[in-house]
There are 2 protein chains.
Amino acid sequence: MADNERTRAAEQPGTLADSIRASGLKVTAPRLAVLRVLDQAPHSTAERLFATVRAELPGTSLQAVYGVLAAFTGAGIARKIEPAGSPALFERQVGDNHHHIVCTRCGAVHDVDCAVGEAPCLTPSNTAGFTVHTAEVTYWGLCPDCQAAISSTSSSPSPLLNKGAQ
Amino acid sequence: MADNERTRAAEQPGTLADSIRASGLKVTAPRLAVLRVLDQAPHSTAERLFATVRAELPGTSLQAVYGVLAAFTGAGIARKIEPAGSPALFERQVGDNHHHIVCTRCGAVHDVDCAVGEAPCLTPSNTAGFTVHTAEVTYWGLCPDCQAAISSTSSSPSPLLNKGAQ
DNA sequence: TGCAATGTTTTGATTCAATCAAAACAACTG
DNA sequence: CAGTTGTTTTGATTGAATCAAAACATTGCA
């Protein structure tokens with residue numbers, strides 16, 4: 001590793017390093033790299049982040065990425081989402097309480113704003129004595145590309161997931 | 001296996017075998033056993049179902065349980081739910097579109113009726129071109145037991161999952 | 001009632017995602 | 001600039017689920 005690339009941390013311009021430091025974490029090259037990729041490609045798996053990070057920081061290990069992500073989610077600057085049938089995805093934590101829509105054919109994920117300003121069906125009717133802290137909505141459907149692919153070819157859809165009828 | 005226990009399928013009284021046959025599947029002892037346990041203990045993992053089924057049907061393998069569950073979900077008489085941080089859970093498919101509330105401390109799962117008769121926030125505001133088929137709501141909170149456990153002991157909650165702030 | 005065809009279950013191996021533990025190492029504090 | 005704390009690496013391991021092929025049972029049909 002020529003000239004210790006892994007230690008070049010503090011020389012970043014601004015915001016990324018700042019938001020890491022602001023959350024009480026030490027600033028390191030792997031963390032900067034992961035946060036940058038998280039920004040450029042939200043809803044990435046740990047493996048995908050690893051592949052991209054490794055391109056610019058060859059010494060990085062997959063376990064380091066997992067470690068960085070654990071630190072980020074613990075510190076509240078990243079969020080882990082786990083759609084059924086998919087490995088965990090990560091995105092930078094943003095203030096709003098948005099949800100996700102997942103394509104059942106290709107797995108593409110997009111953000112969806114919460115329908116009403118104040119969370120709508122976040123207060124279930126019968127909580128069975130539970131105290132509710134969070135409500136999480138996942139929408140399942142077809143992304144534009146897969147709609148086109150299905151309507152043009154008459155081949156079988158080969159769905160990524162087999163959700164029960166709603 | 002004395003007198004071929006595994007083949008005693010058709011002699012069940014009624015409803016279980018009927019609902020298997022009604023969905024176009026062959027009736028077998030492992031399927032009857034899995035469906036019975038699914039009825040008695042909803043929200044069970046495959047492993048848990050396997051342990052219970054094996055008690056009454058010793059020759060059954062874990063893979064058989066997975067196979068039965070795949071057949072059931074494919075035929076629409078069982079539903080697979082996959083809460084973040086937990087292995088997949090299974091329940092008998094019922095007509096209503098209910099959701100689930102999960103205890104972040106002990107993992108207990110309960111059913112929650114959809115707040116309004118017609119699904120409320122099942123129509124997101126910006127679908128980004130997606131066609132929405134299903135909306136899935138998961139509530140996270142504390143079950144009554146864990147609320148009591150936390151307020152009585154001042155020990156650390158040791159949460160099962162670390163959800164981001166909502 | 002018995003036979004054949006189809007579909008299910010078993011057996012064994014394998015994949016994928018994620019986590020654990022300890023040693024080597026680097027970032028921040030003073 | 002040195003020490004302390006915390007991070008990263010290395011290597012192994014777990015857990016959940018899936019795959020493939022052979023053995024077997026259920027159902028429909030004669």
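Here is the naming used below: chain letters follow the sequence lines, and residue numbers restart at 1 for every chain.
One atom, CG of A:L62, and another, P of C:dC20, lie 15 Å apart when rounded to the nearest Å. Taking atom CG on B:L49 and atom C1' on D:dA17, their separation rounds to 14 Å, with Å as the unit. Rounded to a whole Å, the CD1 atom of B:I20 is 14 Å from the C1' atom of D:dT27. Between the CZ atom of A:R21 and the P atom of C:dA27 there is a distance of 12 Å, given to the nearest Å. C:dT10 atom C1' lies 13 Å from atom CG of B:L57, rounded to whole Å. When rounded to the nearest whole Å, the span between CG of B:L69 and C1' of C:dT8 equals 14 Å. Protein atom CG of B:L32 is 10 Å distant from nucleotide atom P of C:dT9, rounded to whole Å. Residue B:Y66 contributes atom OH, which lies 15 Å from atom P of C:dT10 at whole-angstrom precision.
Taken over five-pair windows at either terminus, the axes of the helix from C:dT1-D:dA30 to C:dG30-D:dC1 are inclined to one another by 40° (rounded to 10 degrees).
Along DNA chain D, the nucleotide nearest B:L25 and the nucleotide nearest B:F90 are compared for position; the residue whose nucleotide lies closer to the 5' end is B:F90.
Taking the six-membered ring for Trp, B:F130 and A:H110 have ring centres closer than 6.0 Å.
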Counting only pairs under 3.5 Å, give me each side-chain donor-acceptor contact of residues 41-49 of chain B, with atom names and distances, residues two or more places apart or in other chains.
unit_1	atom_1	unit_2	atom_2	d
B:H43	ND1	B:V109	O	3.4
B:H43	NE2	B:E91	OE1	3.0
B:H43	NE2	B:D111	OD1	2.8
B:S44	OG	B:A41	O	2.6
B:T45	OG1	B:R48	N	3.0

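Judged purely by atom type and a 3.5 angstrom limit, A:H99 uses its side chain to pair as donor or acceptor with the backbone of A:V137. The backbone N or O of A:L89 sits nowhere less than 3.5 Å from a side-chain atom of A:E82 that would complete a donor-acceptor pair. Checked by atom type and distance alone, the side chain of B:Q93 never pairs as donor or acceptor with a backbone atom of B:R79 at under 3.5 Å.
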Kindly give the atom pairs (protein nitrogen or oxygen, nucleotide nitrogen or oxygen) under 3.5 Å for nucleotides 3-7 of chain C.
unit_1	atom_1	unit_2	atom_2	d
C:dT6	O2	B:K26	NZ	3.0
C:dG7	O4'	B:K26	NZ	3.4

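Rounding to the nearest 0.5 angstrom, the gap separating the CG atom in A:L57 from the OG1 atom in A:T60 is 3.5 Å.
The residue B:A88 sits close only to the backbone: its heavy atoms come under 4.0 Å of sugar-phosphate atoms, none of a base.
The listed nucleotides are C:dT10, D:dT8, D:dA16; the one nearest the side chain of A:T28 is D:dT8. When distances run from any side-chain atom of A:P87 to the nucleotides C:dT11, C:dA17, D:dG11, the shortest one goes to C:dA17. For B:E47, whose side chain is taken as the heavy atoms from C-beta onward, the closest listed nucleotide among D:dA16, D:dT8, C:dT19 is D:dA16.
B:T134 places none of its side-chain heavy atoms less than 4.5 Å from the side chain of A:Y139.
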Item to complete: Start with the C-alpha gap between A:D18 and A:R21, add the side-chain angles, then the distance that decides, and say whether salt bridge (charged side-chain N to carboxylate O under 4.0 Å, His left out) holds.
Response: CA-CA 5 Å; A:D18 286 348; A:R21 205 175 287 112; 3.6 Å; yes
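Checking A:T138 against B:E136 by side-chain atom types alone, no donor-acceptor pair falls below 3.5 Å.
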